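In what follows, a single structure is set out as structure tokens and then discussed.
Just so we're on the same page: letters track the sequence lines, and every chain starts at 1. Model, not experiment: these values are computed from the prediction.
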Amino acid sequence: MNEYIGVAIVIVGLAFDVFGCVGLVRLPDIYTRLQAATKCVTLGTCMILIGIAILTGLNATGVKALVCMAFVLITSPTAAHAIARGAYKFGVKLEEPTVVDRYAETQTDEGRS
Amino acid sequence: MEAFLYTALGVLVATSYMCLYRIGSGPTAPDRTVAIDILGTSLVGFCALLCLLTGRDFYMNVAMAWALLSFIGTIALAKHLEGMGFDE
């Protein structure tokens, strides 16, 4: 029973990984690529690690998988925020259909006050 | 079970090739940084599946070390893109 649950969770995680990387290839802009790829691949990798922890049971490998899941869950969004800020400061323009840029508004407000 | 694990590894190799395409043809430097970050995160899952396939325990240690080192490398690249020094 545990085997079926673990395999199902690993398959869902693999699907999330594939869709995130398709978004990384297909989307037009650095920011859209970032939001597609980072969220999907983080969730997909976490689900793969949860599935492996279920498949192996509660031994050293399973606990290491859970600890590794915690690491990925903490570090990957932090890295995504740092890359987004770095890309904005680097001077990458937003793609044409984008209509709102709140970060630029905050920058100009700070400049006035 | 073994056939399933080999299929899963093949899927992860395909996602790694998608990331390599974006690293090679990204128009700007932040695109390449995102692709390197995503490559590291998906290879953590690859190492974990290898641990289950071969039955050897040290692949999970490799996955943990890879997650943390990929984070440090990505932060360093993002700081470099932002134009800061590494000590700020």
Side-chain angles (χ1 to χ4, degrees), chain A residues 3 6-7 10-11 13-15 17-26 29-31 33-34 37-38 40-42 44-49 51-53 55-56 59-65 67-72 74-76 78-92, chain B residues 1 4-5 7-12 14-19 21-22 25-31 33-49 51-52 55-57 59-61 63-68 70-84:
Chain A
E3 187 168 346
V7 167
V10 169
I11 286 174
L14 285 173
D17 266 4
V18 169
F19 291 144
C21 284
V22 167
L24 182 68
V25 171
R26 292 287 296 166
D29 191 3
I30 167 70
Y31 305 104
R33 275 173 205 151
L34 192 66
T38 305
C40 284
V41 174
T42 304
T45 306
C46 286
M47 290 185 81
I48 289 174
L49 290 168
I52 285 172
L55 283 175
T56 58
N59 51 14
T61 310
V63 174
K64 273 179 197 169
V67 171
C68 188
M69 187 201 76
F71 284 161
V72 170
I74 292 170
T75 58
S76 185
T78 314
H81 278 82
I83 293 172
R85 187 182 159 90
Y88 200 93
K89 293 282 177 63
F90 184 70
V92 180
Chain B
M1 191 65 193
F4 164 70
L5 284 176
T7 313
L9 290 181
V11 169
L12 281 179
T15 63
S16 303
Y17 272 106
M18 290 183 197
C19 293
Y21 167 74
R22 184 49 70 194
S25 78
T28 60
D31 287 316
T33 310
V34 173
I36 290 168
D37 183 29
I38 299 306
L39 184 63
T41 308
S42 69
L43 283 180
V44 170
F46 190 87
C47 284
L49 286 174
C51 172
L52 204 59
R56 299 192 177 171
D57 205 5
Y59 279 114
M60 201 58 82
N61 301 341
M64 289 168 66
W66 200 316
L68 294 175
S70 162
F71 169 65
I72 292 172
T74 309
I75 289 293
L77 279 172
K79 285 282 186 184
H80 175 65
L81 287 176
E82 201 172 341
M84 282 183 176

field: B:Asp31 versus chain A, the contacting section by heavy-atom distance below 4.5 Å
entry: both

message: For B:Cys51, which atoms come within 4.5 Å of any heavy atom of chain A: side chain, backbone, both, or neither?
response: side chain

statement: Smallest heavy-atom separation, B:Cys19 atom then A:Cys21 atom, equals SG-SG, 3.8 Å

Euclidean distance, B:Arg22 CZ relative to A:Arg33 CZ, rounded to 0.5 Å: 3.5 Å

task: Please state whether the side chain, the backbone, both or neither of A:Thr38 comes within less than 4.5 Å of a heavy atom of chain B.
output: both

Inter-residue atom distance A:Ile74.CD1 - B:Phe71.CZ, 0.5 Å rounding: 9.5 Å

message: If I take atom CG from residue A:Leu34 and atom CD1 from residue B:Ile38, how far apart are they, to the nearest 0.5 angstrom?
response: 7.5 Å

- line: In this structure, CD1 of A:Ile83 is separated from CG of B:Asp37 (nearest 0.5 Å) by 4.5 Å

Set of residues satisfying salt bridge (Lys or Arg N to Asp or Glu O under 4.0 Å) with respect to A:Asp29, sequence neighbours excluded: none

statement: Residues A:Ala79 and B:Ile75: closest non-hydrogen pair is CA-CD1, 4.2 Å

field: Identified side chain to side chain contact (heavy atoms under 4.5 Å, CB included) partner of B:Leu52 from the options A:Leu55, A:Thr61, A:Val10
entry: A:Leu55

- request: Grab the two heavy atoms, one from B:Asn61 and one from A:Lys64, that are nearest each other, plus how far apart they are.
  value: OD1-NZ, 3.0 Å

statement: What one should report as the nearest heavy-atom pair of A:Val72 and B:Ala67 is CG2-CB, 4.1 Å

field: Residue pair B:Ala8 / A:Leu14: nearest heavy atoms and the distance that separates them
entry: CB-CD1, 3.4 Å

message: Is B:Leu5 in contact with chain A via its backbone, its side chain, both, or neither, using a 4.5 Å heavy-atom distance?
response: neither

- prompt: Can you say whether B:Thr41 sits under 4.5 Å from chain A via the side chain, the backbone, both, or neither, judging by heavy atoms?
  reply: both

field: Approximate separation, where rounding is to 0.5 Å, of A:Ile52 CD1 and B:Leu49 CG
entry: 4.0 Å

query: Is the shortest heavy-atom distance from the side chain of A:Val22 to the side chain of B:Met18 under 4.5 Å?
result: yes

task: Just jot down the ring-ring contact (aromatic ring centres under 6.0 Å, His included) partners of A:Tyr88, sequence neighbours excluded, or say none.
output: A:Tyr103

- prompt: About how many Å separate CZ of B:Phe46 and CG of A:Asp17, when rounded to the nearest 0.5 Å?
  reply: 12.0 Å

message: Looking at B:Phe4, I want to see if its CZ is surrounded by more than 12 non-hydrogen atoms of other residues, nucleotides or ligands under 6.0 Å.
response: yes

